[in-house]
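Here's the structure, in structure tokens; my notes come after.
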2 protein chains.
Amino acid sequence: MGYKHNIEDILDIGTELIRTNGYHNVGINQILKACAIPKGSFYNFFETKEHFACEILNRYGERSKKMIEGFLLDKTLTPLNRLKSFYAMIIDVSEEDNYAGGCLLNTLSNEVGRLNDEIAETANTNFLVWIEVIANCVLEGQQQGEIIDSFPPEYIAEYLHAGSYGAFSRMKVTRSRTYLDNWYEMTFNFISK
Amino acid sequence: MGYKHNIEDILDIGTELIRTNGYHNVGINQILKACAIPKGSFYNFFETKEHFACEILNRYGERSKKMIEGFLLDKTLTPLNRLKSFYAMIIDVSEEDNYAGGCLLNTLSNEVGRLNDEIAETANTNFLVWIEVIANCVLEGQQQGEIIDSFPPEYIAEYLHAGSYGAFSRMKVTRSRTYLDNWYEMTFNFISK
DNA sequence: ACTAAATTAGACCAATTGGTTTAATTAGCC
DNA sequence: GGCTAATTAAACCAATTGGTCTAATTTAGT
């Protein structure tokens, strides 16, 4: 039957709070309150706030990887169209989310990437896992002549995904999808053959 | 002769602290300590921490505008080469800075852009001032046939500068200029005619 | 020299920060 | 049923948060 509280719930709620409000702006107490768990339970599950951040990053990384694969391994579309549908979905979801947070990995990278070694490494590792999935799709597109082959697939994959992070920065202050849409249009124009 | 403390020093030190450590991670007390000023003076100059953030944003915005113009109005280079030299400089400076903070405007946009209306608007306003300067240079480049004209100059300007923000996110976790360099190479390859 | 306003100084405030501790309770296993 | 380990619960901690307050000092204008 298990105990009263389960880690998954704490991770879920913590992920959303930190993704939308930032790392230093969300206290342990706030997470505890939202989860309705006492402090003892939290520190039974997690050593420190830093470790907690790494755990939600890894969890977010794994789940997102599966979601990315759901789009990029879909053989009913051409590789380029798979990529397009993936980023079109990200933009739609951001709008539904009311432009609140964007990607947890990006949020933590920007806020604590330079300050905290463990969080930085965890964020980077998970990012590179995504890049591998994206690069495979890019390579397929290159082989089918849909995508430019003037750059290695990993370069294009990083360019694509990090590019979306730049767009998130603009999204957060403009509270609109306009620049996300422009970014999408221009980037796919540039990498299409 | 003036009083003992001057606002400029507080703004300078506050800018650097927040740019490199983030908004919520830097307390008023920390800024006071670094400036060696008492609290009364700080709150005599600035209403709240939020207002202080807006002031350093505006100051950073104005100074950066002048610096951008220093590069982009330099008639000894072609428009495209002016843009290239500007972003090459940004990357070099980031390396010298040990990849610490990147752009204050981007840092604040990402961390508090969605949480704080005043800071968001201030960040966006200053960003758009830069975009205007960059767009003028892009337009010149288009007129001289150096830069693609398949997109409006403002679109290319935003694409350029927001793109560099995505690269900063990667820089902070990798602690290297590698992705900044790749971004530079690819972006200028895409927008060159 | 006098006055009013700006500045300086730092003690003080309630609220919150991340984290510890101790005791009670619960679960799983033999 | 009894034992051990995990979990729950919340009081407690020192340090820090953004911000206020009062009093002393300094400046600029007349």
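Numbers restart at 1 for each chain; the letters A, B, ... are given by sequence-line order, proteins then strands.
Taking hydrophobic clusters as Ile, Leu, Val, Met, Phe, Trp and Tyr residues chained together by side-chain heavy-atom distances below 4.5 Å, B:Ile56 does not share a cluster with B:Val129.
Here the side chain of A:Asn116 pairs no donor or acceptor atom with the backbone of A:Val112 at under 3.5 angstrom.
The distance from atom CZ of A:Phe42 to atom P of D:dA9 is 16 Å, rounded to the nearest whole Å. Look at NZ on A:Lys49: it is 18 Å from C1' on C:dT20, rounded to the nearest Å. For the pair A:Ile18 CD1 and C:dG18 P, the computed distance is 9 Å after rounding to whole Å. Taking atom OH of residue A:Tyr43 and atom P of nucleotide C:dG19, one finds them 4 Å apart after rounding to whole Å. The interatomic distance linking B:Ile10 (CD1) with C:dT7 (P) rounds to 10 Å, in whole Å.
Note on ring orientation: taking the six-membered ring where Trp is involved, the planes of B:Trp130 and B:Tyr60 are tilted (angle from 30° to 60°). Taking the six-membered ring where tryptophan is involved, the planes of A:Tyr87 and A:Phe188 are tilted, since the angle between them lies from 30° to 60°. Relative orientation of the A:Phe42 and A:Phe52 rings is tilted, given thresholds of 30° and 60° on the angle between their planes.
The phosphate of C:dT7 has OP1 or OP2 within less than 4.0 Å of a side-chain N or O from B:Asn44.
Closest to the side chain of B:Lys39, from the set D:dG19, D:dA11, D:dT7, is D:dG19.
Contacts of residues 20-33 of chain B with DNA chain C (heavy atom under 4.0 Å): none.
Side-chain contact check for B:Lys39 versus B:Asn29: some heavy-atom pair is nearer than 4.5 Å.
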